[in-house]
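Below: the structure, in structure tokens.
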Amino acid sequence: MRARLALLGGLLLVLVALLVLYLVNRPSAEAARGPIVIGLLHALSGSMATSEAPLVASVKLAVEEINAGGGLLGRRVELKIEDTRSEPRVAAAAAERLISNEHAVALFGCWSSNCRQAVRPVVETHRHLLFYPLAYEGLEQSPHIIYTGPTPNQHALPAADWAMTGFGRRVYLIGTEALYSRRVNAMLRDFILLSGGQVLGERYVPLAGTDMSGVLADLQALQPDLVLSTIGGSSNRAFFDALVAAGLTDLPLMSLRAAEPEMTAYDGGRLDRHFTAWSYLQSQPGPANQAFLARLRHSQGEGVQVSDPAVSAYIGVQLWAAAVREIGSVQTDAVNANVLQQSVAAPQGFAAVDGQSRHLWRQLRIAQVKPGGQLGEVFMLPRYIKPEPWPSFRSNEHWMAVLPHAEGAP
């Protein structure tokens, strides 16, 4: 009898030990559900691939850092990347696929405003969430988009004011035949006239267009004090080449859609008075930026270029992760509400969401393009600028009336 009791006692101890081992080592409920999927929409091919490659690299780094820190809610974050091929319709289809098939809980990406406008109905239909990292024309405020890039009052307008103060108020506008350029130039025309300036001419080139003969004819005939450019993508190379070939390297140029990757790839430093305007510059000093660059290059390769849009893309992932941690959930509606209260450390200082507008407070730096394409800061506004999606120097009704006359090609 005693032997049987001893045997039963031993078996009970073994069972208890096995139960303890199971409870200690079993996966958590969150981990058992698998990774948290997020989606990235950027051009890996096409005319915008050079500009968008740094954004892909920065988002990859952000995800790597989250996972290296233990993931979120005990789960790994998995990044699904879709090549938009620089085509808005492709981006819209990819967004639908990421939400419906891959069950991504948040989307990040798009470069052009045409891409954002194509993806926006998909995101809104699904009550989803997109983080958009580019400088854009404003004039919208979707309840399902966080805009981490600058609005015109944080970017194009103060940059134009700085350039006109320094070089003169007889201005020529050039841009890509697209939504962003058309709408921003409509604002710039008003802004220049109200500032006592004159718009001598305005011309648009197709996306990836290389024929600059009409532009050169305008510049040689009109002789403006200043050129404001919203050309995007590979057409910047053709524009810079044309200015050099025509002997117009001394003509003041403010490029609003090109940063370090474009200036390096397209040799923007050949122009003597070439400037751009961003919140973040790869060359800016400080331990936060140096540490960010070191981590990025260790992760994505020594040759990777960084730009303001790339840092804005990185910040978008960090803001999303901060909201997930705070509420303890990846549920999209809950994250969308909480992210409006978030701020995070950034390579250029900090990034804070303005809860009223769903945009970020931002700094402005003006930089001159150096030989080789790097940017050297020449001016910085001493304060952060509150975002104004609808520029306050005109009424919202005025901008609504302007919109139908300032639409770009699809």
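For the atom pair CG (Asn338) and CZ (Arg325), the distance works out to 12.0 Å, reported to the nearest 0.5 Å. In this structure, CD in Glu140 is found 8.5 Å from CH2 in Trp390, a value given to the nearest 0.5 Å. Leu188 CG to Leu157 CG: the interatomic distance, rounded to the nearest 0.5 Å, is 6.0 Å. The CG atom of Asp190 sits 12.0 Å away from atom CG of Asn185, with the distance rounded to the nearest 0.5 Å. Once rounded to the nearest 0.5 Å, the distance linking CG of Asp225 with CE of Met164 reads 11.0 Å. With rounding to the nearest 0.5 Å, the separation of OG1 in Thr165 from CZ in Phe379 is 9.0 Å.
Using modelled atom types, no side-chain atom of Arg257 and backbone atom of Ser229 make a donor-acceptor pair closer than 3.5 Å. A side-chain donor-acceptor contact under 3.5 Å links Asn236 to the backbone of Gly233. Between the side chain of Asn336 and the backbone N or O of Leu129 there is no donor-acceptor pair closer than 3.5 Å. For the pair Ser86 (side chain) and Met48 (backbone), a donor-acceptor distance under 3.5 Å is present. Under the 3.5 Å distance criterion, the side-chain polar atoms of Asn289 are left unmatched by any main-chain donor or acceptor of Pro347. Formation of a donor-acceptor pair under 3.5 Å by the His144 side chain with backbone atoms of His128 is found in this model. The closest donor-acceptor contact from the side chain of Ser235 to the backbone of Gly209 lies under 3.5 Å. For the pair Thr210 (side chain) and Ala238 (backbone), a donor-acceptor distance under 3.5 Å is absent. Ser181 contributes a side-chain N or O that, together with a main-chain N or O of Thr176, makes up a donor-acceptor pair within less than 3.5 Å. A distance-only check finds no donor-acceptor pair linking the side chain of Gln154 to the backbone of Glu388 [under 3.5 Å].
Side-chain contact between Val122 and Leu130 is absent, with no heavy-atom pair separated by less than 4.5 Å. Annotation: side chain of Phe240 is in contact with side chain of Ser255 (closest heavy-atom distance under 4.5 Å). In this structure, Ile38 and Leu107 have side chains that are not in contact, with every pair of non-hydrogen atoms separated by 4.5 Å or more. In this structure, the side chains of Leu271 and Val244 come closer than 4.5 Å at one or more pairs of heavy atoms. Residues Phe292 and Val311 form a side-chain contact, since some pair of their non-hydrogen atoms from C-beta on lies under 4.5 Å apart. Side-chain contact check for Val171 versus Pro224: every heavy-atom pair is 4.5 Å or farther apart. At a threshold of 4.5 Å between non-hydrogen side-chain atoms, the residues Ile81 and Lys60 count as touching. Residues Thr84 and Trp111 are not in side-chain contact: their nearest non-hydrogen atoms beyond the backbone lie 4.5 Å or more apart.
The number of heavy atoms from other shown groups lying within 6.0 Å of CD (Gln331) is above 12. No more than 12 heavy atoms of other residues, nucleotides or ligands sit less than 6.0 Å from atom CZ of Arg85. Atom CZ of Arg295 is surrounded by more than 12 heavy atoms from other residues, nucleotides or ligands within 6.0 Å. Residue-environment remark: NE2 (His298) stays at or below the threshold of 12 foreign heavy atoms within 6.0 Å.
Remark: the Gln374 side chain and the Ser283 side chain contain no N/O donor-acceptor pair separated by less than 3.5 Å. Arg362 and Ser312 share a side-chain donor-acceptor pair at under 3.5 Å. There is a side-chain donor-acceptor pair under 3.5 Å between Glu262 and Ser51.
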> Stepwise, does the side-chain contact (heavy atoms from CB on, under 4.5 Å) test hold for Glu202 with Tyr172?
Replying inline: CA-CA 6 Å; Glu202 184 175 342; Tyr172 183 86; over 6 Å; no

>> Walk me through whether Gln348 and Trp278 qualify under side-chain contact (heavy atoms from CB on, under 4.5 Å).
In response: CA-CA 11 Å; Gln348 71 272 38; Trp278 298 103; over 6 Å; no

>> Phe108 vs Leu55, test: side-chain contact (heavy atoms from CB on, under 4.5 Å). Steps then yes/no.
In response: CA-CA 10 Å; Phe108 301 83; Leu55 285 74; over 6 Å; no

>> side chain to side chain donor-acceptor pair (under 3.5 Å), that's the test. Do His126 and Glu96 meet it? Break it down for me.
In response: CA-CA 9 Å; His126 287 278; Glu96 180 66 49; 3.0 Å; yes

>> Checking His103 against Val37 for the side-chain contact (heavy atoms from CB on, under 4.5 Å) test, could you report, in this order, the C-alpha distance in whole Å, the side-chain angles of both residues, the deciding distance, and whether it holds?
In response: CA-CA 7 Å; His103 307 294; Val37 177; 5.9 Å; no

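Proximity of the aromatic rings of Phe167 and Phe275 is defined here by a centroid distance below 6.0 angstrom, and this criterion is met. In summary, the aromatic rings of Phe350 and Tyr384 are positioned with their centroids under 6.0 Å apart.
Considering every non-hydrogen atom in both Leu61 and Ser299, the closest pair reads CD1-CB, 3.9 Å. Heavy atoms only, all atoms of each residue included: Ser279 and Gln363 are closest at CB-O, 3.3 Å. When all heavy atoms are compared, the tightest approach of Leu41 to Ala94 is CD2-CB, 3.6 Å. Contact record, Ala159 with Leu256: CB-CD2, 3.9 Å, taken as the closest heavy-atom pair. Contact between Val119 and Cys110 at its shortest, heavy atoms only, is CG2-SG, 3.7 Å. Contact record, Leu139 with Pro391: CD2-CD, 4.1 Å, taken as the closest heavy-atom pair.
Note: Tyr132 and Tyr147 have perpendicular aromatic rings, judged against thresholds of 30 and 60 degrees for the angle between ring planes.
Checking Ile146, Val335, Leu319 one by one against Gln342, the side-chain contact (heavy atoms from CB on, under 4.5 Å) holds for a single residue, Leu319. Of the candidates His155, Gln117, His359, His359 is the only one forming a side-chain hydrogen bond (donor to acceptor under 3.5 Å, both in side chains) with Tyr136. The only option from Val184, Leu253, Ile192 that meets the side-chain contact (heavy atoms from CB on, under 4.5 Å) definition with Leu228 turns out to be Ile192.
Note on Glu78 versus Lys80: salt bridge recorded, some NZ/NE/NH1/NH2 to OD/OE distance being below 4.0 Å.
Note that Arg182 lies in the cation-pi zone of Tyr204, set by a 6.0 Å cut-off to the ring centre and a 45° limit from the axis.
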